Amino acid sequence: MASKMIAIGPNGQPVAAPAVSAPAPAVSAPAPAVSAPAPGSVSWHKTKGGIWCIVGPAEIIQAGAEVTVTTKAGKVQSVKVATVGRDFVRDDGTSYRYGYR
C-alpha cells in the first residue's frame with residue numbers, strides 16, 4: 001500500500017500539496033550554421049613588398065579555391081587562389097589568411 005504524503009503548514013494545519021508537473025523537455029541549442037562570408041569580408045591588400053593579395057576568413061581562402069573579392073569601390077571580382085600565406089587572428093577572434101593568385 002502506497003503512503004500519501006501530506007504537507008503541514010507553519011501553523012500545524014495540513015496544506016494542499018503542490019501540483020507535480022512533468023519535467024520540462026531538454027532544449028538543445030541549435031548548431032552554429034556555417035554561412036557564406038559577409039559581403040566585403042574578402043578584400044584586396046597590398047603587402048610591404050608591393051604584391052597585391054586577398055585577405056579573408058581562413059576557411060574561405062584555400063589554395064585552388066575560387067573566391068569572390070569586393071574592391072573598395074564595391075566592384076565584385078572572382079579570383080582563383082594559387083597559394084596561401086600565413087594565418088592571423090583578428091581582434092574579434094576570427095582566423096584570417098592571405099591568398100595569392
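Owing to the predicted nature of the structure, the values given are computational and were not obtained by experimental measurement.
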In Å, rounded to the nearest 0.5 Å, how long is the span from OG1 of Thr68 to CD of Gln77?
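Thr68 OG1 to Gln77 CD: 10.0 Å, rounded to 0.5 Å.
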Look up atom CZ in Arg86 and atom OH in Tyr96, then write down how far apart they are to the nearest 0.5 Å.
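The distance works out to 14.5 Å.
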Specify the closest pair of heavy atoms between [X] and [Y], including all atoms of both residues, with the distance to one decimal.
{"X": "Val81", "Y": "Gly99", "value": "CG1-CA, 4.1 Å"}
{"X": "Ala82", "Y": "Arg101", "value": "CB-C, 3.8 Å"}
{"X": "Pro57", "Y": "Val42", "value": "CD-CG2, 4.0 Å"}
{"X": "Gln62", "Y": "Val84", "value": "C-CG1, 3.9 Å"}
{"X": "Ile61", "Y": "Arg97", "value": "O-NH1, 2.8 Å"}

Hydrophobic cluster identity match, Ile54 and Trp52, side-chain contacts under 4.5 Å
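Yes; tracing contacts between hydrophobic side chains, which count when under 4.5 Å, links both residues.
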If hydrophobic clusters are built from ILVMFWY residues whose side chains come within less than 4.5 Å, do Ile51 and Val55 share one?
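In one cluster with Ile51: Val55, yes.
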Applying ring-ring contact (aromatic ring centres under 6.0 Å, His included), can you list everything that pairs with Tyr98, at least two apart in sequence or on another chain?
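By the ring-ring contact (aromatic ring centres under 6.0 Å, His included) rule, Tyr98 matches His45, Phe88.
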Heavy-atom distance under 4.5 Å between the side chains of Trp44 and Cys53, does that happen here?
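With C-beta onward as the side chain, the pair stays apart.
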Listed partners of Asp92 passing side chain to side chain contact (heavy atoms under 4.5 Å, CB included), at least two apart
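Side chain to side chain contact (heavy atoms under 4.5 Å, CB included) list for Asp92, sorted by chain: Arg90, Thr94.
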